[in-house]
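Comments concern the structure below.
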Amino acid sequence: MEKDYDLTIDLFTSIQDDLEKRQYIILGELKKYSEQFQFYKIYPHLSRLIELRRVLKEIIARIYDLRTKFPKKISKIDWVNRTIEHEVIFTSGTDISSVEDLIEWALPRIENVIEEGVAIYEFVESELTVEQVGILPSYKDEGYLFVPDNQKKSLNLFRFEVSIFQSTDDQYRAIKTQFLKYLNQDRIKLSPGSIKLDLIREESELPNPATYAFNTELDFPFETTIFPIAKRRLMHILNHEINS
């Protein structure tokens, strides 16, 4: 059975074989990501590639920083344990230089695949409309979200909640969703206002919830494309309303 390498950081930093073999593996993995985009499947593939690009650029920056600080000392870096050996001169034949060469070779190729995913993301976002349903309350951190799944000819109803979490540098807002139910093709014809009223009767704890109805003619995959893009769009809308 062929080993599934995937695009992990170890693939770039733990070089135990020749450079050409690693390049071959990376090209094969990038092809898998590109094939997912060809089937209009964006998540989690696009976000993984973007994060990989960020980490690899950070590694290159660290290597540059280490080279300038220890131009004649470094022989090897243990990326897992974050340790540095200072035994021999930093030359083009060391493990670190192999890591650097591989990353520099890979970054533009990763960037090309990211651009494929971003192009699909931007197209889907441009084809995804959203309307505010009913009167928008002052409290917008909880409410309802309606998103169509045109492949299944259904409308998915979700409850959303915005949560706030603190990092060492800043405060962030994230959106959590809970699937409530779906409406089949016959009931999709109901107006968003009627659907909202039905949910208010069923979910009485939210008497006047912020409600947003998305619409699109695209029949792209729901779980991997339409829904995650709709959630991201909603987060932008909520952030704008808070800051305005």
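These numbers were taken from a predicted model, which means no experiment stands behind them. Along the sequence shown, residues carry numbers from 1.
- Residue Pro148 comes nearest to Phe214 through the heavy atom pair CD-O, 3.3 Å, listed as atom of the first residue, atom of the second, then distance.
- Taking the charged nitrogens against the carboxylate oxygens, Glu58 and Arg54 do have a contact shorter than 4.0 Å, which makes a salt bridge.
- At distances below 3.5 Å, at least one donor-acceptor pair connects side-chain atoms of Arg22 with backbone N or O atoms of Leu11.
- Counting all heavy atoms, side chain and backbone alike, Met235 lies closest to Ala174 at SD-C, 4.0 Å.
- Shortest non-hydrogen contact noted between Phe37 and His45 is CE2-CB, 3.9 Å.
- In this model, no donor atom of one side chain and acceptor atom of the other lie less than 3.5 Å apart for Thr216 and Glu127.
- Closest of all the heavy-atom pairs between Pro221 and Lys41 is CG-CG, 3.9 Å.
- For the side-chain contact (heavy atoms from CB on, under 4.5 Å) with Phe146, the lone residue among Leu180, Asn156, Thr211, Val130 that qualifies is Thr211.
- Contact of the Ile175 side chain with the Glu161 side chain is not registered, since no non-hydrogen atoms from C-beta on lie closer than 4.5 Å.
- The 12-atom threshold is exceeded at CD of Glu202, counting heavy atoms of other residues, nucleotides or ligands nearer than 6.0 Å.
- At a threshold of 4.5 Å between non-hydrogen side-chain atoms, the residues Phe222 and Asn150 do not count as touching.
- By the 30° and 60° cut-offs, the orientation of the rings of Phe158 relative to Phe227 is parallel.
- The main-chain N or O of Gly134 is found under 3.5 Å from a side-chain atom of Gln132 such that the two form a donor-acceptor pair.
- Side chains of Leu49 and Leu30 form a contact here, defined as non-hydrogen atoms less than 4.5 Å apart.
- Side-chain contact annotation: Tyr43 with Arg48, donor-acceptor N/O pair under 3.5 Å absent.
- Between Glu29 and Lys32 there is a salt bridge, with a side-chain nitrogen of the basic residue lying less than 4.0 Å from a carboxylate oxygen of the acidic one.
- A donor-acceptor pair is defined here as one N or O able to donate and one able to accept, closer than 3.5 Å; such a pair exists between the side chain of Gln151 and the backbone of Asp219.
- Of the possible donor and acceptor atoms, none in the side chain of Arg159 sits under 3.5 Å from a partner among the backbone N and O of Glu203.
- Thr225 places a side-chain N or O within donor-acceptor distance of the main-chain N or O of Ile42, the cut-off being under 3.5 Å.
- Summarising the local packing, OH of Tyr121 is surrounded by more than 12 heavy atoms from other residues, nucleotides or ligands at distances under 6.0 Å.
- Ile135 and Asn208 make their closest contact through O-OD1, 3.7 Å (heavy atoms, listed as atom of the first residue, atom of the second, distance).
- Side chain of Thr129 to main chain of Asn215: a donor-acceptor pair is present (N/O by atom type, distance under 3.5 Å, no hydrogens or angles).
- Within a 6.0 Å sphere centred on OH of Tyr139, other residues, nucleotides and ligands contribute more than 12 heavy atoms.
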